[in-house]
Amino acid sequence: MSRTAVWVLDRHGIERVDIQGSAAWELVIDQQLVTPIAEPPLPGMTPRNRLASGRFYGIEQDGQGTVTLYRLADGRRALRLAPFRVTANTDLVVWASAAASPRTSEASFEAPHVKVAELKATAGTQNYLVPDDVAGQPLASIVIWCVPIRVAYAAAPLDR
């Protein structure tokens with residue numbers, strides 16, 4: 001039987017964990033940001049430049065807060081999630097979706113969608129520039145998608 005010592009760092013400090021086993025095993029290290037971030041609005045994120053907004057609702061997990069779509073002075077579009085909170089996990093991404101109000105992971109996945117960015121944090125206020133290749137895509141909602149388990153955590157329909 002093999003024995004391995006693993007060092008774990010958490011908010012309380014470093015802990016030693018002894019693992020015993022007779023078969024091969026794999027160690028996966030995940031990092032998760034659960035501390036809310038507070039990004040200031042980008043220049044041009046004003047009521048006059050607002051294109052659409054919506055409120056998040058949970059699909060497979062809890063999601064709360066608002067998203068607002070803005071047109072910036074240089075013509076780019078940007079999203080602001082403020083305030084925002086979703087169930088914590090790693091590998092969450094922000095999708096721009098053609099689905100008006102997806103209620104299931106399947107509906108979210110089957111609708112045309114484009115990745116905007118990796119989610120910066122699971123809580124707080126955060127900004128995302130919408131990629132140029134999304135410009136011609138229908139933008140009916142924003143979906144928070146978990147890549148490894150292929151589920152929609154939350155969505156927000158965009159009302160113009």
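Bear in mind the structure is a predicted one, so any value in this text is a computation, not a measurement. Residue numbers run from 1 in the order of the sequence given.
- One distance of note links CG of D159 with OG of S53; it measures 6.5 Å at 0.5 Å rounding.
- Nearest heavy-atom pair across S101 and Y57 is C-OH, 3.2 Å.
- D62 places no side-chain N or O within donor-acceptor distance of the main-chain N or O of V86, the cut-off being under 3.5 Å.
- L72 places a side-chain heavy atom less than 4.5 Å from the side chain of M45.
- Salt bridge absent: R76 and D132 never bring a charged side-chain N and a carboxylate O closer than 4.0 Å.
- Counting only heavy atoms from C-beta outward, the side chains of T122 and R85 never approach each other to under 4.5 Å.
- Here the side chains of V130 and L79 are in contact, with some heavy-atom distance below 4.5 Å.
- Inter-residue side-chain proximity for R103 and I59 is flagged as unmet; no heavy-atom pair is nearer than 4.5 Å.
- Using a 4.5 Å cut-off on side-chain heavy atoms (C-beta onward), V116 and P131 make contact.
- Side-chain atoms of S141 come within 3.5 Å of backbone atoms of A99 as a donor-acceptor pair (strictly under, hydrogens ignored).
- Two residues are said to be in side-chain contact when any heavy atoms from C-beta on lie closer than 4.5 Å; V94 and E118 fail this criterion.
- Distance check, rounded to the nearest 0.5 Å: CH2 of W145 to CG of D91 gives 13.5 Å.
- Side-chain atoms of R80 and N127 include a donor-acceptor pair closer than 3.5 Å.
- Transitive grouping of hydrophobic side chains (ILVMFWY, heavy atoms separated by less than 4.5 Å) brings L139 and I144 into a common cluster.
- The backbone N or O of F56 sits nowhere less than 3.5 Å from a side-chain atom of Q64 that would complete a donor-acceptor pair.
- When all heavy atoms of Y128 and A117 are compared, the closest pair comes out as CD2-CB, 3.6 Å.
- Environment of CZ in R50: crowded, with over 12 heavy atoms of neighbouring residues, nucleotides or ligands closer than 6.0 Å.
- A 4.5 Å side-chain heavy-atom check between I142 and S97 finds every atom pair outside the cut-off.
- Looking at every heavy atom in both residues, T125 comes nearest to A38 through OG1-CA, 3.3 Å.
- Using a 4.5 Å heavy-atom threshold, the side chains of V67 and L158 count as touching.
- Ion pairing of E39 with K120 is present here, as a side-chain N (NZ or NE/NH1/NH2) and a carboxylate O approach within less than 4.0 Å.
- No single ILVMFWY cluster, assembled from side-chain heavy atoms under 4.5 Å apart, contains both Y70 and L51.
- Ring geometry, H113 versus W95: the interplanar angle falls under 30°, so the pair is classed parallel (tilted spans 30 to 60°).
- By the neighbour-count criterion of 12 heavy atoms within 6.0 Å, atom CZ of R160 is densely surrounded, having more than that number from other residues, nucleotides or ligands.
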Distance-only donor-acceptor hits, side chain of residues 146-156, under 3.5 Å, sequence neighbours excluded:
{"residue": "Y153", "atom": "OH", "partner": "N89", "partner atom": "ND2", "Å": "2.6"}

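- Follow the hydrophobic side-chain contacts under 4.5 Å out from V114 and you never reach F109; the two are in separate clusters.
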